[in-house]
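When reading the values below, keep in mind they use all heavy atoms of this one structure, side chains included, and skip hydrogens, waters and symmetry mates.
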Amino acid sequence: MSFHAGTIGLVGRPNAGKSTLLNRLVGAKISAVSHRPQTTRNRVAGVYTTEALQAVLWDTPGLHEAWTPLNAHMVREAEQVLADVDAVCWLIDAEPLARAAKAGRAVFDAALLSVLERVKDRPLVIALNKVDLVEKGWLLPVLSAFQEAEVKAPIVPVSASSGDGLEALVAEWEKLLPEQPAIYPPDHVTDALERQICAELIRERIFEHCGQEVPYACAVEIEQFDESARETENIVRIHARILVEKPSQKAILIGKAGTMVKKIGSEARTQLAELLDCRVRLDLFVVVEKDWTSNPRALRGLGYA
Ligand SMILES: Nc1nc2c(ncn2[C@@H]2O[C@H](COP(=O)(O)OP(=O)(O)OP(=O)(O)O)[C@@H](O)[C@H]2O)c(=O)[nH]1
Ligand SMILES: [Mg+2]
């Protein structure tokens, strides 16, 4: 039997479900997921291996109109992945499209067209995601709209969260990947460092729980990742700094009598323990670093450059 292997870029608008798909296929939480757009800030790779193929999946930040240096970095990350991979999987949230079709509005809006322009000349598969949220009968008009827009790429309806349709999606990827042996051992999940994933999972909890502009003004830096007792006492001790831009954001993040930061810490610790497969002691410190989202040196220091 022939074997196919190569790289696939998961791209699309913010909130389409790219990180959910990556985590689902690799079978581990390696990329942050939240209900807010612009959760992912850097590319993250995970390896998905079957009997027939090995796809190195690159999760990317959502393509959007970038106004700040941090956002410009995010879009650049996605564009670099677009240029580098063997094939592109464009994820689209089907739910608003179905709603548009139902309301008689145009399904193909400017946001979709701007992504189409960037992906149309690459080997391409479209994953129409979140079909579990689409009202019965409204998927067909959405698919027709793609036909009318003369989109040539195969379109696979999927649900990244339930797993529906993913076999069909992977079968389309297989057609676009070169025939060659696997690049990684079959049980390899990611090259990302554990401490990087830990920072992302802490940031994810902030995106999930904090309101207003706090998620977009925060960054997480792992100051200490102490594994000295991992073998002997089955524990890793982690100190993380949470950066925000203003004292008011620090106050929101800490919450009344520290309730917010405690909740974030306790949920993050559960996830980190699962990831690291050991007990975790997690200490979080919230600090104000004025205007870090627009300061090139601060951005570089945080890995956003
Ligand atoms: N109902 C449903 N929700 C989904 C599905 N896939 C993702 N979601 C939800 O959609 C939201 C966004 O998911 P993410 O995976 O963070 O989306 P993303 O494309 O990585 O977003 P950015 O990193 O911001 O670009 C989360 O609340 C997910 O739980 C799906 O198939 N069905
Ligand atoms: Mg993401």
Side-chain angles (χ1 to χ4, degrees), residues 1-13 16-31 33 40 42-63 77-94 112 115-132 139 143 146-147 150-193 196-197:
M1 202 173 82
S2 63
F3 193 88
H4 295 250
T7 48
I8 304 261
L10 306 177
V11 304
R13 299 284 299 170
K18 302 175 291 295
S19 304
T20 305
L21 180 65
L22 175 79
N23 291 340
R24 168 122 206 154
L25 288 176
V26 305
K29 183 84 169 273
I30 59 170
S31 191
V33 167
T40 305
N42 280 325
R43 67 184 97 176
V44 184
V47 183
Y48 173 69
T49 310
T50 68
E51 302 266 285
L53 98 172
Q54 182 170 80
V56 179
L57 303 172
W58 281 100
D59 181 19
T60 64
L63 292 163
E77 279 280 291
E79 285 176 340
Q80 278 170 6
V81 168
L82 262 177
D84 288 346
V85 286
D86 292 309
V88 170
C89 179
W90 176 17
L91 266 88
I92 300 173
D93 182 347
L112 272 188
V115 180
L116 180 64
E117 276 309 304
R118 285 147 138 152
V119 298
K120 68 178 195 307
D121 297 326
R122 305 297 334 270
L124 179 66
V125 177
I126 295 172
L128 210 47
N129 191 31
K130 308 195 193 181
V131 290
D132 55 295
L139 190 60
L143 291 168
F146 279 79
Q147 247 173 10
E150 298 192 5
V151 176
K152 299 280 183 294
I155 304 174
V156 186
V158 300
S159 168
S161 54
S162 79
D164 277 355
L166 296 188
E167 263 182 47
L169 180 64
V170 172
E172 292 297 337
W173 291 349
E174 193 183 334
K175 294 179 196 165
L176 298 181
L177 292 180
E179 201 174 328
Q180 60 174 340
I183 302 155
Y184 291 97
D187 56 354
H188 188 82
V189 172
T190 183
D191 278 346
L193 298 175
Q196 278 169 351
I197 303 173

Here the gap from T190 atom OG1 to Y184 atom OH, rounded to the nearest 0.5 Å, amounts to 8.0 Å
Has the side chain of R24 got a donor or acceptor atom that lies under 3.5 Å from a matching backbone atom of S161? yes
Please tell me if the side chains of L116 and W90 come closer than 4.5 Å, counting only heavy atoms from C-beta onward.
yes
Smallest heavy-atom separation, A168 atom then V156 atom, equals CB-CG1, 3.8 Å
**OP:** Find out whether T7 and D84 are in side-chain contact, i.e. whether some heavy atom of one side chain is under 4.5 Å from a heavy atom of the other.
**Re:** no
Open item on the list: So does A5 get a backbone contact from the side chain of Q54, meaning a donor-acceptor N/O pair under 3.5 Å?
Closed with: no
inquiry  = With a 4.5 Å cut-off on side-chain heavy atoms, are T40 and K18 touching?
reply    = no
Tell me if the CD atom of E167 is crowded by more than 12 foreign heavy atoms within 6.0 Å.
no
Test side chain to side chain contact (heavy atoms under 4.5 Å, CB included), reference L128, set L91, L143, L169, output is L143
Regarding D132 and S162, do their side chains bring together a donor and an acceptor under 3.5 Å, going by distance alone?
no
- Query: What do the steps show when you test I183 against H188 for side chain to side chain contact (heavy atoms under 4.5 Å, CB included), and what is the final call?
  - Reply: CA-CA 10 Å; I183 302 155; H188 188 82; over 6 Å; no
To the nearest 0.5 Å, atom OG1 of T20 lies from atom NZ of K29 at 8.5 Å
Which of V56, L22, L57 passes side chain to side chain contact (heavy atoms under 4.5 Å, CB included) with Y48? Answer is L57
- Query: Between N23 and S31, is any side-chain donor less than 3.5 angstrom from a side-chain acceptor?
  - Reply: no
Taking every heavy atom of A28 against every heavy atom of V189, the minimum-distance pair comes out as CB-CG1, 4.3 Å
d(I126 CD1, F146 CZ) to nearest 0.5 Å is 5.5 Å
Give a yes or no answer on whether the side chain of R43 reaches the backbone of D59 with a donor-acceptor pair at less than 3.5 Å. no
Next on the checklist: Using the rule given for side chain to side chain contact (heavy atoms under 4.5 Å, CB included), can you reason through V115 versus I92, listing the C-alpha separation, both sets of side-chain angles and the distance that settles it, and then say yes or no?
Outcome noted: CA-CA 10 Å; V115 180; I92 300 173; over 6 Å; no
Residues L139 and P157: closest non-hydrogen pair is CD2-CB, 3.9 Å
_Just so I know, are the side chains of V119 and L82 near enough to count as touching, which here means a heavy-atom distance under 4.5 Å?_
yes
Here the pair of heavy atoms bringing C89 nearest to A127 is SG-CB, 3.9 Å
All heavy atoms of A55 vs all of W173, minimum pair found to be CB-CE3, 4.4 Å
Problem - T60 side chain to L10 backbone, donor-acceptor under 3.5 Å - result: yes
**Study point:** Side-chain touch S19/V44, heavy atoms, less than 4.5 angstrom
**Key:** no
Smallest heavy-atom separation, R13 atom then L63 atom, equals NH1-O, 3.1 Å
Subject >> Student check: side-chain heavy atoms of K175 and V125 closer than 4.5 Å >> reply: no
Margin query: Could you walk me through whether K130 and D93 satisfy the salt bridge (charged side-chain N to carboxylate O under 4.0 Å, His left out) test, starting with their C-alpha distance in whole Å, then the side-chain angles of each, then the deciding distance to 0.1 Å, before giving a yes or no?
Written below: CA-CA 6 Å; K130 308 195 193 181; D93 182 347; 3.3 Å; yes
task: Taking the side chain as every heavy atom from C-beta outward, state whether L21 and N129 have any atom pair closer than 4.5 Å.
output: no
Distance col, row T50:OG1 vs H4:NE2, nearest 0.5 angstrom, shows 10.0 Å
Would a distance-only check, ignoring hydrogens and angles, find a side-chain to backbone donor-acceptor pair under 3.5 Å from S159 to V131? no
